[in-house]
Structures are given as structure tokens and as C-alpha cells.
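Hydrogens, waters and symmetry mates play no part in the numbers below; they use all other heavy atoms, side chains included. Here the structure is a predicted model, which is why all the values come from computation and not from measurement.
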Amino acid sequence: MANYAEMSPKDLRRLIREQKITGETSGMCSGFVQANLVILAQKYAEDFRKFAERNPKPCPILEITEPGDPFLKKIADHADIRTDIPRYRVFRNGVLVDEPYDITGCWQNDFVCFLIGCSFSFENALTKAGIEIRNIVDGHMVSVYKTCIPCAPAGIFKGPVVATMRPVPESKVDLAYEVTGRLPHVHGMPLYHGDPSKLGVDLNKPDWGVPTRFNEGEVPVFWACGVTPQAAIENAKPDLVITHTPACMLVADIKDEELEEKLFGCKEAVYKKGSEHNA
């Protein structure tokens, strides 16, 4: 059986292209950046770019392609965005109409692709710090929730912030903020930890994924999520948008520990104790 955690991103993308992997990528290519995807026609691209820039926590941009170009250049060497994600979602007028494994047949010459940071990218750092990633251990998709926090709107795009939730021992919550705070372009430190009702969330009713098991002494910790654009797409109703299926990500060639310096020239840790720490 293949060890996907130790596999190189290029080899993993080849298996995805061959449709030998068609499911979620959490825990695969451990230590490498993963990315969410939004593809839309050029006429919507400027509105979406502004939406992402106004909401950098759920929508940190890693790469934007030129119109009509399906190949990545910054985060994954010549990865083909039409084939190298395990599963896609096709929205027409804001309604999900298909979840194909390959989007070559519906590619358009005016498509612009946005690659957005993903929380799977910091799971390796949390694991190294001694914080268990429960959804990986238990073998299911991370719990994902629409919150009551509104995004800053831009053009036709508006909607709630979507968040992933991971249980963390109360004694290690500060550590979770510190570790993920060093990676702002994969959502950075948590949005919140504590009473989920303050986010309008019922832990037993995730919008994507399944409820996560808690151990004694653990509290729910919420990170902004790159599925946020999909909620905005449902509201905006553009004629055609393609995204990844939640948890089925683009696996990049850049290591998580090198991302901030290689792409954004940031060498210093950005975490400051207490800067977003609330319960």
C-alpha cells in the first residue's frame, strides 16, 4: 500500500491525474503546502480578487493564473489545474451541478484560476508540535462550518466566513495559535476557540465533513477556511464557476515551512501572543 504521507507532490499529482486518487488529500505529502481552488471567467476575476484581498484570513492568495492558462508556475511546477486535483465542483448560477474528476472538457479560454491557502498545510506543523490532528487519526474529513461572521463584500461576492474545527487540549491552545500564526498564507492563527455557539455553530451539524470526536480536556479551535469562496459563489450566482471539492486539494511543490519566505519574503514569525486569542 502506498505511503501517501511520504510521497512527493509530483508523484501524487500524477496519481491524481490518472484518477487513481479521487478523494481527500489531508495528511498526504506531509510537510507540503496544499491549496484551495476557484476558477471563474475573467469578467468576474477582479471582483473575486478584491473579495480575497479584503478577506485575507479565509482567502489568502497563493497564485493567480493568466486568463486561459491552466498551468501553475509559482506553487507547483507546471501542474495542470484541469486534471491535478482529485475532484472538482462545477457551479452554474450558484448551484452545484457536477463533481467531476477532470475539467478539461469544460475549460474556457477566459478562465482565471485562484489558488488559495489551505489549513491542511499547517497540519504537519501542529503534529510536530505534539497536537494530534483528530480527523487524520480517525480517518475522516475535517469538520467544516459556516459561521455567523460576515466576509467583507466585494462586487458580486459576499457571504459568511467558513471555518474548519479541530479539537485541541486546553493546555496546548496557546501553542496552536503560535504554530499556525507563523503561516498566515495558509489561514494563520485560529479565528476563535471556545463556545461554538458564539460563531453560530453546532458541532454536531457540520456543513461539510462529519462531527469530530473530542477527548477529555479538549476545546474546539476554529480556523478560517478556503471553502469560504464557495459560500460566496452560492450568493453571487455567476454563470459558471469551478472549485475543488472540499478536502480534495491541489498539492504544491513548496514546503509549508518555506512558504512565507519563498513566496512572500517574510522571514520573521508573525505570531504575537494574545493578538487574536479569545475564548
Side-chain angles (χ1 to χ4, degrees), residues 4-5 12 16 21-30 33-38 57-60 85-91 95-96 98-101 116-127 131-149 151 159-169 176 180 186-215 218-235 242-251:
Y4 296 126
L12 186 77
I16 291 170
I21 294 175
T22 57
E24 62 187 79
T25 55
S26 177
M28 294 185 177
C29 299
S30 182
V33 167
Q34 298 196 29
N36 301 274
L37 173 69
V38 175
K57 205 156 182 61
C59 304
I85 283 177
R87 197 163 192 180
Y88 302 83
R89 294 185 124 197
V90 179
F91 293 86
V95 177
L96 176 64
D98 196 11
E99 287 193 271
Y101 302 116
I116 292 169
C118 171
S119 64
F120 290 176
S121 305
F122 60 57
E123 290 177 335
N124 179 61
L126 287 174
T127 299
I131 297 173
E132 180 180 277
I133 307 300
R134 187 65 40 73
N135 57 284
I136 293 179
V137 170
D138 288 358
H140 62 75
M141 179 180 165
V142 66
S143 303
V144 185
Y145 302 88
K146 293 180 181 177
T147 75
C148 61
I149 302 171
C151 288
V161 172
V162 175
T164 57
M165 188 286 301
R166 295 166 179 83
V168 175
T180 58
V186 292
H187 304 307
M189 70 180 71
L191 284 172
Y192 173 80
H193 72 275
D195 180 1
S197 67
K198 292 184 179 180
L199 295 184
V201 163
D202 180 342
L203 292 180
N204 294 314
K205 296 179 180 179
D207 293 282
W208 294 273
V210 298
T212 298
R213 173 177 60 88
F214 278 73
N215 291 331
E218 292 179 335
V219 297
V221 181
F222 296 85
W223 281 267
C225 176
V227 177
T228 296
Q230 296 191 27
I233 288 162
E234 292 173 358
N235 290 328
I242 300 172
T243 72
H244 66 292
T245 291
C248 299
M249 319 305 295
L250 185 285
V251 181

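Formation of a donor-acceptor pair under 3.5 Å by the Gln34 side chain with backbone atoms of Thr25 is found in this model. Side-chain N or O atoms of Glu218 include one that pairs as donor or acceptor with a backbone N or O of Asn215 at under 3.5 Å. In this structure, Tyr145 contributes its side chain and Leu203 its backbone to a donor-acceptor pair below 3.5 Å. Of the possible donor and acceptor atoms, none in the side chain of Asn124 sits under 3.5 Å from a partner among the backbone N and O of Ser30. In terms of modelled atom types and a separation under 3.5 Å, the side chain of Lys198 and the main chain of His193 share no donor-acceptor contact. Between the side chain of His244 and the main chain of Tyr88, no donor-acceptor pair closer than 3.5 Å is present. At distances below 3.5 Å, not a single donor-acceptor pair connects side-chain atoms of Asp138 with backbone N or O atoms of His140.
A heavy-atom distance below 4.5 Å is not found between the side chains of Lys146 and Cys148. Within the 4.5 Å cutoff, the side chain of Val144 has no heavy atoms near those of the Asp207 side chain. Residues Pro190 and Phe222 fail the side-chain proximity criterion, which asks for heavy atoms closer than 4.5 Å. Taking the side chain as every heavy atom from C-beta outward, Val168 and Ile131 approach each other to under 4.5 Å.
Here the closest non-hydrogen pair linking Thr228 and Pro160 is CG2-O, 3.5 Å.
Ring-plane geometry between Trp223 and Phe122 is classed as tilted, the angle between the planes lying from 30 to 60 degrees on a 0 to 90 degree scale.
Arg89 meets the salt bridge (charged side-chain N to carboxylate O under 4.0 Å, His left out) test with Glu99; sequence neighbours excluded.
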